[in-house]
Amino acid sequence: MGGLIGHRDTQETLAVLERLDLDTEKPTEEELARKFGYEDDYLKGTVSWWQHTKPQIWSLFDEPYSSNAAKIIGVISVFFICVSILSFCLKTHPDMRVPVIRNITVKTANGSTAWVLDKTQTNAHVAFFYIECVCNAWFTFEILIRFISSPNKCEFVTSSVNIIDYIATLSFYVDLVLQRFASHLENADILEFFSIIRIMRLFKLTRHSSGLKILIQTFRASAKELTLLVFFLVLGIVIFASLVYYAERIQANPHNDFNSIPLGLWWALVTMTTVGYGDMAPKTYIGMFVGALCALAGVLTIALPVPVIVSNFAMYYSHTQARAKLPKKRRRVLPVEQPRQPRTAGQGGGIGMPGSGPMARRMNQVKTKDLGPKI
């Protein structure tokens with residue numbers, strides 16, 4: 001039974017890896033016809049020009065390891081992703097921003113007129129705008145090409161990585177419209193907060209790295225352990241925040257940092273995760289004792305699910321390496337055979353030894369009696 005359970009676990013792991021699409025070998029024409037839905041035309045030999053070209057375009061933009069041209073397209077895509085993220089980060093640096101200076105006319109005490117230069121705000125350098133225009137032009141072109149050549153439009157639209165790509169690209173055009181028509185509004189800079197979605201483009205790198213796919217699948221497989229970790233972490237945060245709040249009020253403490261339990265929640269979170277900013281610290285002996293217990297509980301709580309996550313990652317990674325060494329035809333995952341039911345006495349028509357039922361024993365007894373007098 002233990003071997004059967006291990007066999008089933010292995011097959012479930014291989015089925016997950018099959019869904020992750022980690023193959024780097026080029027599929028056959030028949031597999032492409034089945035994937036893109038023109039299998040009947042392929043068998044009849046009536047494949048059109050678009051049916052023949054569509055899988056090639058899809059492989060160029062969605063399967064970076066399918067050919068040398070696809071690798072070049074993949075490198076270009078990664079380059080634009082990195083440039084876009086780097087531009088998004090650098091344009092917030094003070095040295096990369098240009099001040100907006102306003103000329104104000106004022107009247108002096110003697111009644112004459114003077115001019116004063118006032119720095120109202122700073123904007124990103126115009127070079128970053130052109131960089132983002134080029135990057136988003138590539139992203140828009142890539143989305144359109146991949147959508148047109150996708151084998152399944154519904155799966156393409158509902159894919160999580162593609163949804164991030166839509167929103168990130170759309171945020172650039174929305175930002176352009178807001179800068180054109182809503183720049184005069186107060187607190188218009190708050191609208192730039194939504195452009196932070198462009199950072200999520202980093203998840204597009206999962207198409208170019210099998211290791212990232214395995215890492216994301218590891219977190220999916222460890223969802224129960226991570227949920228249990230969050231539950232115990234929240235439980236400990238609430239308990240120790242309440243304890244340290246009342247512990248700091250027992251003794252005279254003029255420099256008490258814990259004026260409320262919500263402030264204690266922040267301290268408990270920082271302490272249990274072993275970060276320890278030091279902005280809040282207990283001053284009394286009882287509070288220090290509670291802080292020590294909080295730190296120890298945090299270390300134990302976080303350390304418990306880590307071996308499970310590591311073992312899941314090692315399992316997926318080892319199966320991926322072993323699967324990559326197999327020929328492609330032997331990677332197919334077969335269904336698990338059901339265990340055979342024990343055969344009841346007298347049940348025929350199956351695999352068994354002849355003459356093993358009650359009727360056979362009775363016939364043997366009759367034959368023995370018949371042979372008795374003749375001996």
Side-chain angles (χ1 to χ4, degrees), residues 16-39 41-42 47-88 130-174 195 197-217 320 323-324 328 331:
V16 170
L17 296 178
E18 189 77 19
R19 292 194 300 268
L20 289 180
D21 193 17
L22 300 176
D23 289 333
T24 59
E25 296 184 4
K26 187 176 180 180
T28 61
E29 292 290 338
E30 186 177 356
E31 291 175 344
L32 288 176
R34 189 181 303 112
K35 180 178 180 180
F36 284 84
Y38 61 91
E39 188 175 6
D41 295 335
Y42 173 77
V47 179
S48 64
W49 173 84
W50 174 243
Q51 289 174 337
H52 180 72
T53 309
K54 184 178 178 181
Q56 297 179 359
I57 299 176
W58 174 257
S59 299
L60 278 177
F61 286 87
D62 199 76
E63 298 174 359
Y65 300 100
S66 59
S67 63
N68 291 330
K71 291 180 182 179
I72 295 174
I73 296 294
V75 170
I76 294 174
S77 180
V78 172
F79 171 76
F80 278 112
I81 291 173
C82 295
V83 169
S84 176
I85 301 300
L86 188 62
S87 172
F88 180 80
Y130 294 113
I131 292 174
E132 290 188 356
C133 286
V134 174
C135 293
N136 283 274
W138 167 261
F139 295 141
T140 305
F141 171 75
E142 187 181 22
I143 290 174
L144 293 177
I145 293 296
R146 291 177 62 238
F147 176 76
I148 293 172
S149 62
S150 63
N152 192 323
K153 299 294 191 295
C154 183
E155 291 182 1
F156 181 85
V157 172
T158 56
S159 174
S160 57
V161 178
N162 292 334
I163 291 174
I164 293 173
D165 202 7
Y166 310 147
I167 298 175
T169 306
L170 186 63
S171 67
F172 170 74
Y173 297 105
V174 172
S195 61
I197 301 174
R198 300 173 198 174
I199 296 291
M200 305 297 287
R201 278 204 183 100
L202 289 173
F203 287 100
K204 290 179 63 177
L205 297 177
T206 56
R207 294 208 319 264
H208 308 275
S209 174
S210 59
L212 288 177
K213 291 182 180 179
I214 296 174
L215 182 62
I216 294 175
Q217 181 59 37
T320 302
R323 184 172 177 270
K328 191 172 183 180
R331 297 180 190 176

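We number each residue from 1, following the sequence as shown.
Going from atom CZ of F88 over to atom CD1 of I131 covers 14.0 Å, rounded to the nearest 0.5 Å. Distance check, rounded to the nearest 0.5 Å: SG of C135 to CG of L86 gives 10.0 Å. Atom-to-atom distance recorded for N162:CG and D62:CG is 7.5 Å, nearest 0.5 angstrom. S87 OG to F80 CZ: the interatomic distance, rounded to the nearest 0.5 Å, is 12.5 Å. To the nearest 0.5 Å, atom OG1 of residue T158 and atom CD1 of residue I163 are 6.5 Å apart.
In this structure S150 satisfies the side chain to side chain donor-acceptor pair (under 3.5 Å) test with no other residue, sequence neighbours excluded. Qualifying side-chain contact (heavy atoms from CB on, under 4.5 Å) partners for V78, counting only residues two or more places apart in sequence or in other chains: C82, L205, H208. Taking S48 as the reference, W50, Q51 meet the side-chain contact (heavy atoms from CB on, under 4.5 Å) condition, with sequence neighbours excluded. Here L215 pairs with F219, F313 under the side-chain contact (heavy atoms from CB on, under 4.5 Å) rule; sequence neighbours left out.
A 6.0 Å sphere centred on CZ of F36 holds more than 12 heavy atoms belonging to other residues, nucleotides or ligands. Applying the 6.0 Å contact sphere to OH of Y166 captures more than 12 heavy atoms from other residues, nucleotides or ligands.
Taking all atoms of both residues into account, the shortest heavy-atom contact from L60 to S67 is CD2-OG, 4.3 Å. Nearest approach of A70 to S59, heavy atoms of both residues: CB-O, 3.6 Å. Taking both residues in full, the closest heavy atoms of S171 and A168 are given as OG-O, 2.6 Å, listed atom of the first, atom of the second, then distance.
Taking the six-membered ring where tryptophan is involved, the planes of F156 and F147 are tilted, since the angle between them lies from 30° to 60°.
Annotation: salt bridge (charged side-chain N to carboxylate O under 4.0 Å, His left out) contacts involving residues 132-141, sequence neighbours excluded, comprise K91-E132, E132-R198. Counting only residues at least two apart or in different chains, side-chain hydrogen bond (donor to acceptor under 3.5 Å, both in side chains) contacts with residues 134-145 comprise S77-E142, N136-R201, T140-Y173, E142-K204, E142-R207.
With F139 as reference, T169 is the one residue of T169, V134, L144 to meet the side chain to side chain contact (heavy atoms under 4.5 Å, CB included) rule.
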